[in-house]
2 protein chains.
Amino acid sequence: MMDERKKWLLKTIIEDYVETAEPVGSKVLTTRHKLDISPATVRNDMADLEEMGYLEKTHASSGRVPSDKGYRAYIDNLIVLEPLSKEIKDYIISFLSDAMMEAKSLIEQAAAVLSEQSNYISLVLTPRYGSSSLRQIKILQIEPGRALIVVVLSEGIVKDRVVRIPNIISDQQLVELASAIERGLQGKRLDDITLVTVTAAADGSTIPEPLLNQVLYEAYVSIKQAGHLDMYLQGIHTLLDHPEFHDIEKAQRFLTTLHKEHVVAAYLDEWQAQERENYQDNVAINFSDDNRTESKHTADRPAFMVRIGQEIDLDGMDDCSFITTTYRIGGELSGQICLIGPRRMPYTRTISQINFVNRALTEQMKARARYCKTDE
Amino acid sequence: MMDERKKWLLKTIIEDYVETAEPVGSKVLTTRHKLDISPATVRNDMADLEEMGYLEKTHASSGRVPSDKGYRAYIDNLIVLEPLSKEIKDYIISFLSDAMMEAKSLIEQAAAVLSEQSNYISLVLTPRYGSSSLRQIKILQIEPGRALIVVVLSEGIVKDRVVRIPNIISDQQLVELASAIERGLQGKRLDDITLVTVTAAADGSTIPEPLLNQVLYEAYVSIKQAGHLDMYLQGIHTLLDHPEFHDIEKAQRFLTTLHKEHVVAAYLDEWQAQERENYQDNVAINFSDDNRTESKHTADRPAFMVRIGQEIDLDGMDDCSFITTTYRIGGELSGQICLIGPRRMPYTRTISQINFVNRALTEQMKARARYCKTDE
DNA sequence: TTTAGCACTCGGGAGCAGCGAGTGCTAAAT
DNA sequence: ATTTAGCACTCGCTGCTCCCGAGTGCTAAA
């Protein structure tokens, strides 16, 4: 059914289309690649590929354009990733190393560099820290009536927020309260901490009852919020660089959906959960179909997922592609890196980029851990 | 030269154009507003207004469109602001009151609500805190090798960052170091603090020399960064709602410039400085030209500035308008609220909105201060 | 000073023709 | 059994013309 030549054709058609953004026809294809078969032969194969659902026509007598299914086959079976150049790799690494210097977090920088390199929109989700545990909690009085609550998780993640507190509590009382809570809850999983647990831990505080409750509530919320997932979005300005968004309506719907950040984040999060279940089935095997397939990185390449077109059911994003990879911090915790662009995307390049950013990010995290832990 | 009727005409033409986005012609104008003068008369006046530079034609036989100068005259002399409805006001206020509850800062929320209400892009700059003074500095060890440095300014502004430190310093040493610095620098203006001052304040620490220097440097940077201006941008997704950006090239250039956030921020910041100098001259007097001018708010209305079209020299923004107002925190410190949209903008509405957000923001700041200070 | 009347301008949409890149199909060639 | 040449056909795009309508400026009368 799907012989080697057809596979090669499909791959080539997709790559040509990605490059030119024009439907590709039989004639052009043969000349462009100096094929030793005639356009007519190509036409026959194309007709077959179309019947199998890998290609589509934009109108009755136009060239072919890949369908969702075509892209899917390409990604799953045909693609040959090309390694990034040394310069690019070094650039990405140095970009992330600088992150410690600046106020921006490593994760934020990862989103920035990915978007910059790919010229698409990037989106990085932090892990949900629910299964992580509490290491420290501090309450600093900023001024009478306001305090900064700092929560440190076992992975060294720091989150803080400014809260209102009753304005007649002394610095000393707050410090004592915080250490009581810390002692009581240290090592507990975030998910297992409740307002009741917090209150219990604070037993013995010298702060009078009603005032205490307010502070405890804020502490509780801070701990809970520390477990929430954050999201960094970068590169919206690249949107109009891609002809598929020159249709204003489309671009508008896209932006509107993207603006509802939590919707997109929730969507990605859910996916990740699903994906982890089916993981066993999806062991993608790159069956090579020509001898250009020298460089395979199956070993050290982080797993990536691609969602194409209709597979995405967010309004206004049904002719986009999402490329996502999962990065890990320590054992349990994982977050996601995501690249959003039109379906017509140079996957060989973008996948390499997202994979490398993933590797570099993970590397930096480890390096940080190593630096901090002293041993190992 | 510019009699009452011409003024009224100019005002009406601008308001019609703003509403319809179509060049306005003499016929339409007379019927739409049931004028008791004929189209021919209107045409004569329009010709005059054009000659004076207030109106333009898009082509030889088209209706008129306001020029930069026309908008300027409108803003300076003709506009009659309309107060916001009670509902809207309440909504804005409640939106900002909630800010304390969420992680987002008041200022970030102000940007969000302004953009949401106006459906334009909003941008809020925090003050530069250089002239503000240091109230607290704390250094919390997160784990060996990493610390959180918290800086609190006299206005109750809190900023913090995670830094690397040598990993053999004890918690106790850090606490002592921080209080030494705090004692030494408390009440000093941020601008007056240098690495030398910080080092001097830390004299007597038990941390050995080379390690100490690293920490001091980070503390110094944290203090300096606390003085920097931050910027919150909201509402990019509204861009394509406005027909003037349906030209892809234009929208693209706009986004590219906006992406260089620091450029825009610097630009606004510079303006503010300039504007403050010429402040005396600019005392805009609304000379009323018809008796609809019942509701003037000259008294309690915060000053706003509008920059129109060519007056803005940022690439890709030369047919936009910037509306800015300055909000104050306490005495010296002031930040900016800015609304960016196309020149054709319902100024009566947007100016009221930005003014009200300014008032509400200032109010919230005061309320917070009052709550914290207890007295007053 | 205002207005009616008129000739003129220009953008934009509708209708139409021709081009070109593409197709599918058939029949001959390998 | 494939592959290929040949051919008729399709359809989007471009450019052309034509016309409409909303708008103008100018002139002469009110």
Side-chain angles (χ1 to χ4, degrees), chain A residues 1-10 12-14 16-17 19-67 70 243-244 246-248, chain B residues 1-10 12-14 16-17 19-67 70 243-244 246-247 344:
Chain A
M1 253 338 70
M2 181 76 160
D3 58 25
E4 290 305 310
R5 191 180 64 198
K6 286 212 184 69
K7 281 184 202 160
W8 184 85
L9 262 178
L10 178 55
T12 310
I13 289 168
I14 291 178
D16 273 27
Y17 177 64
E19 194 175 326
T20 63
E22 302 274 296
V24 1
S26 54
K27 179 85 177 297
V28 171
L29 201 64
T30 50
T31 56
R32 197 166 196 266
H33 297 277
K34 304 196 192 69
L35 298 192
D36 45 3
I37 50 176
S38 79
T41 312
V42 173
R43 275 206 291 283
N44 287 333
D45 282 358
M46 280 173 136
D48 290 351
L49 286 168
E50 183 178 354
E51 197 170 0
M52 289 186 271
Y54 296 113
L55 296 179
E56 282 169 355
K57 285 190 282 196
T58 59
H59 60 90
S61 73
S62 73
R64 301 310 207 289
V65 152
S67 66
E244 14 276 296
H246 286 11
D247 172 350
I248 301 285
Chain B
M1 258 328 78
M2 181 78 157
D3 57 27
E4 290 305 309
R5 192 180 63 201
K6 286 211 183 70
K7 279 183 205 162
W8 183 86
L9 262 178
L10 178 56
T12 309
I13 290 168
I14 291 177
D16 273 26
Y17 177 65
E19 193 174 326
T20 62
E22 303 274 297
V24 2
S26 53
K27 180 85 176 296
V28 171
L29 202 65
T30 49
T31 57
R32 196 166 197 269
H33 297 275
K34 305 195 192 68
L35 298 192
D36 45 2
I37 51 177
S38 78
T41 313
V42 173
R43 276 206 292 282
N44 288 331
D45 281 358
M46 280 171 134
D48 291 350
L49 286 169
E50 183 178 355
E51 197 171 2
M52 289 188 269
Y54 296 113
L55 295 179
E56 282 168 356
K57 284 189 283 195
T58 59
H59 61 91
S61 72
S62 74
R64 300 313 208 286
V65 151
S67 66
E244 14 277 296
H246 287 11
D247 172 350
R344 186 187 64 80

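- Closest to the side chain of A:Thr41, out of C:dT3, D:dT3, C:dT9, is D:dT3.
- Computed from coordinates, the A:Lys57 NZ to C:dA21 C1' distance equals 13 Å when rounded to whole Å.
- Under the Watson-Crick or G-U wobble criterion, with both distances below 3.5 Å, C:dG18 is paired with D:dC13.
- For A:Arg64, taking side-chain heavy atoms from C-beta onward, the closest of the listed nucleotides C:dT23, D:dA5, D:dC11 is C:dT23.
- D:dT2 atom C1' lies 9 Å from atom CG of A:Asn44, rounded to whole Å.
- Summarising the geometry, the separation between CG on B:Leu29 and C1' on D:dT24 is reported as 15 Å, rounded to the nearest angstrom.
- Contact annotation: the side chain of B:Lys6 approaches that of B:Asp48 to within less than 4.5 Å [non-hydrogen atoms, C-beta and beyond].
- A:Asp36 places its CG atom 17 Å from the P atom of C:dT30, with the value rounded to the nearest Å.
- Considering every non-hydrogen atom in both B:Pro66 and B:Tyr17, the closest pair reads CD-CD2, 3.3 Å.
- As judged by a 4.0 angstrom heavy-atom cut-off over every strand, B:Asp45 is placed among residues making no nucleic acid contact.
- The nucleotide whose nearest atom lies closest to any side-chain atom of A:Ser61 is, among D:dA5, C:dC10, C:dA21, C:dA21.
- Put simply, CG on A:Leu49 is 16 Å from C1' on C:dG24, counting in whole angstrom units.
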Worked verdict on B:Arg32 versus B:Glu19 for salt bridge (charged side-chain N to carboxylate O under 4.0 Å, His left out): CA-CA 13 Å; B:Arg32 196 166 197 269; B:Glu19 193 174 326; 3.3 Å; yes

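- To the nearest angstrom, P of C:dA21 lies 19 Å from OH of A:Tyr17.
- Nearest-nucleotide positions on DNA chain C place B:His59 closer to the 5' end than the other of A:Ala47 and B:His59.
- Following rounding to the nearest Å, B:Arg43 (CZ) and C:dA4 (P) show an atom-to-atom distance of 11 Å.
- Side-chain proximity of B:Met46 to D:dT24, C:dT3, D:dT4: nearest is D:dT24.
- Each of B:Thr58 and B:Ser38 was matched to the nucleotide of DNA chain C holding its nearest heavy atom; the match closer to the 5' end belongs to B:Ser38.
- Looking only at distances, no side-chain donor or acceptor of A:Thr41 sits under 3.5 Å from a matching main-chain atom of A:Ile37.
- No side-chain heavy atom of B:Arg64 sits under 4.5 Å from any side-chain heavy atom of B:Val24.
- The partner of D:dT3 is C:dA28, judged by Watson-Crick or G-U wobble contacts that both fall below 3.5 Å.
- Separating the NZ atom of A:Lys6 from the P atom of D:dT2 is a distance of 9 Å, rounded to the nearest angstrom.
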